[in-house]
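If you're wondering where the values come from, they're calculated on a predicted model, not measured in any experiment. Numbered from 1 within each chain, the chains take letters A, B, ... in sequence-line order.
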Amino acid sequence: MLGLGAAALATGCGSEAASPQATAPQAKLPDKSLAVARHVDDANGEAQTTYTDATHYNNFYEFGANKSDPAARSGRFAAHPWSVEIAGLAEKTGRFTLEDILKNHALEERVYRMRCVEAWSMVIPWVGFPLAGLLDRFKPLASAKYVAFTTVERPAQMPGMADRILDWPYREGLRMDEAMHPLTLLAVGMYGRELPNQNGAPLRLIVPWKYGFKGIKSIVKIEFVESMPRTTWNVMAPDEYGFYANVNPAVDHPRWSQKTERRIAGTGFNLFGNRIETLPFNGYAEQVAHLYAGMDLHKYF
Amino acid sequence: MVFRDRIAATKPLVFVLCLLPFAHLVWDAMHGTLGTDPVAQLEHRSGDWALRLLLATLAITPLRRFTGWHRAVRFRRMLGLFAFFYVSVHLLIYLFVDLGGYWADIFEQIAKKPYITVGFAAWLLLIPLALTSTQGAMRRLGRHWQRLHRLAYLIALLGVLHYYWLVKADHREPILYLCAWIALMLARLRARPRADAPRSNAARLRT
Ligand code: HEM
């Protein structure tokens, strides 16, 4: 459990969290709900995806390439204890425990649309805090133009890694101004509870105006760098997945049209009528379009 | 009921077996047990069965050749027509469940998305095969019938290509289907009828 150190977290996260050998299996954790300082609906009141759907339909290839794999095959993954290495062009670097990372940050609930590059989407209430607040603590140097993230690599706990589907470890990156944008979230939970393993426990990135694959999961390293970092999908298929990966209905993916999306939300029988128009920047254009002023978004997709 | 022979007696069973995946889909759709993304489930399952049945149809000739069970050919038309049925269901799901109100987008998709282009081409090519699958058409077309129906190999290959191109990263399953296609192709080449073997379709049907 994220527990303790972070004052914002709910009670019930037993004292064992503070001990370095906190390896209790997930099932035994007494309470995984999180206390949240404020709630913001950044999805215009649109119907939310159910918890079950959002936690059983995941692209997390380290656990397998089928969308049901992460929920089914992440049980052995130990998200605690956890630490994150802060590296690169910053005054303060080093390895920090999750509790260190979380302290001083009040958790907030942010409801965001999540648009997958495969042309489906969800609406998810994340719990986290703006990445900017964390990055500021390490005092990045002026030469730091990008932030690079790396996912944990644990083949013994991540059965999908046995297949070299992707070039592990998973890497993602943001331009500094994107990373500092108030919408950019480091999430530790969803639906008021700690992140389940399949959704990127214990710490993941959420960038709501970009395609889902930018939201790197189970982060173990954050590095300040000068030039554009190599990112997993971009390296694998540069003509399909750009570094920016901003949601853009006007720029088609070679495989999928990005003009519309299939919204997975709500409960009950919903076979028909789920297709909706995709909005520029996933509906966050007002907040983020200025970051890309003057850029040819067909070229920098 | 009285059947002409064992094959005729088995056909209804094969018919029902071929319908089972469809019944299962309908059942799941009616009970809301298609999972988180029901539309993708429908597309994937109908597509899988279309491809499997196409390959099963192609497997009949090598099967006859290697096992000497020549009467297996009498199941071939049914398998082929079911393959066409599943591809058509697959297309209808895409058109009216997935695209839904945006169904007219299919034209743009066919023009722009290679995996849809080849999938659609495969469906188009299946139509003349389905239309000429009757005994009467076989008789009328004579040796042209066989030439026409060799298209089934191309169609299956297009189906495999369609699958390969729509997968993002994990290509193992489409590659498995490709291997099956290559194996069937090789088996077919090896299984060329000898000069003394009956050549006409009419003769084949009688065996
Ligand atoms: C008629 C035109 C066709 C259209 C519009 C079409 C469309 C689609 C779509 C939208 C998907 C899902 C893609 C995704 O989830 O990203 C799909 C999957 C698939 N289709 Fe088609 N398809 C067509 C023809 C065919 C044909 C002819 C075959 C085989 C003979 C076929 C076999 C498959 C298979 C095997 C899959 C993947 C199943 C899986 O992932 O398990 N399709 N198709």
Side-chain angles (χ1 to χ4, degrees), chain A residues 49-59 61 64-71 116-122 160 163-167 170 213 232-233 235-237 240-241 249 252-278, chain B residues 25-48 89 92-120 161-176:
Chain A
T49 304
T50 64
Y51 179 79
T52 305
D53 284 347
T55 55
H56 289 78
Y57 196 71
N58 309 99
N59 280 325
Y61 282 22
N66 290 319
K67 292 192 173 52
S68 52
D69 286 340
C116 179
V117 71
E118 297 163 6
W120 52 268
S121 63
M122 294 183 173
D163 313 317
R164 300 217 58 90
I165 302 168
L166 293 176
D167 184 17
Y170 195 86
F213 68 87
T232 299
W233 284 100
V235 166
M236 164 153 159
E240 296 187 33
Y241 311 96
D252 263 5
H253 183 277
R255 246 177 267 258
W256 306 282
S257 161
Q258 301 294 20
K259 278 198 304 199
T260 60
E261 66 202 47
R262 208 162 53 229
R263 173 61 59 83
I264 299 170
T267 51
F269 185 81
N270 50 1
L271 207 47
F272 297 97
N274 299 311
R275 195 162 280 277
I276 57 175
E277 311 258 332
T278 292
Chain B
L25 267 190
V26 173
W27 173 274
D28 278 344
M30 282 170 44
H31 290 79
T33 45
L34 284 167
T36 295
D37 193 347
V39 182
Q41 267 290 309
L42 290 173
E43 271 166 6
H44 291 177
R45 277 160 63 177
S46 58
D48 282 341
V89 167
L92 290 173
I93 289 167
Y94 177 69
L95 211 48
F96 297 112
V97 186
D98 188 346
L99 292 183
Y102 297 89
W103 63 269
D105 280 1
I106 192 169
F107 299 110
E108 193 190 331
Q109 305 279 323
I110 292 169
K112 280 201 195 157
K113 304 293 160 202
Y115 87 94
I116 300 283
T117 316
V118 296
F120 193 74
L161 200 60
H162 167 77
Y163 192 1
Y164 189 88
W165 277 343
L166 68 86
V167 168
K168 246 165 84 186
D170 184 2
H171 286 107
R172 285 172 298 176
E173 228 172 292
I175 284 174
L176 223 62

Is [X] in contact with chain B via its backbone, its side chain, both, or neither, using a 4.5 Å heavy-atom distance?
X	value
A/E261	neither
A/W256	both
A/E118	side chain

Non-hydrogen atoms of chain A under 4.5 Å away: do they reach the side chain of B/I116, the backbone, both or neither?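 It is neither, since no heavy atom gets under 4.5 Å.
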Count the heavy-atom pairs under 4.5 Å between each of B/A169, B/A40, B/G100 and chain A, then report the option with the highest count.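 Option with the top pair count is B/A169.
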Between B/D98, B/L166, B/D170, which has the largest tally of heavy atom pairs under 4.5 Å with chain A?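 So the answer, after comparing B/D98, B/L166, B/D170, is B/D98.
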Atom pair [atom1]/[atom2] of [X] and [Y] - distance to nearest 0.5 Å:
X	Y	atom1	atom2	value
A/R262	B/L99	CZ	CG	9.5 Å
B/E108	A/D252	CD	CG	6.5 Å
A/S257	B/K113	OG	NZ	6.0 Å

For residues B/K168 and A/N59, determine if any side-chain heavy atom of one lies less than 4.5 Å from a side-chain heavy atom of the other.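 A side-chain contact under 4.5 Å exists here.
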For residues [X] and [Y], report the shortest heavy-atom separation together with the two atoms involved.
X	Y	result
A/I276	B/Y102	C-OH, 4.0 Å
B/L34	A/L271	CD1-CD1, 4.3 Å
A/P254	B/P114	O-CD, 3.9 Å
A/R255	B/V167	NH1-O, 2.6 Å

Looking at A/K67 and B/D37, is there a salt bridge between them, counting it only when a charged N and a carboxylate O are closer than 4.0 Å?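 No.
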Taking it one step at a time, do B/D105 and A/R275 satisfy side-chain contact (heavy atoms from CB on, under 4.5 Å)? CA-CA 12 Å; B/D105 280 1; A/R275 195 162 280 277; over 6 Å; no
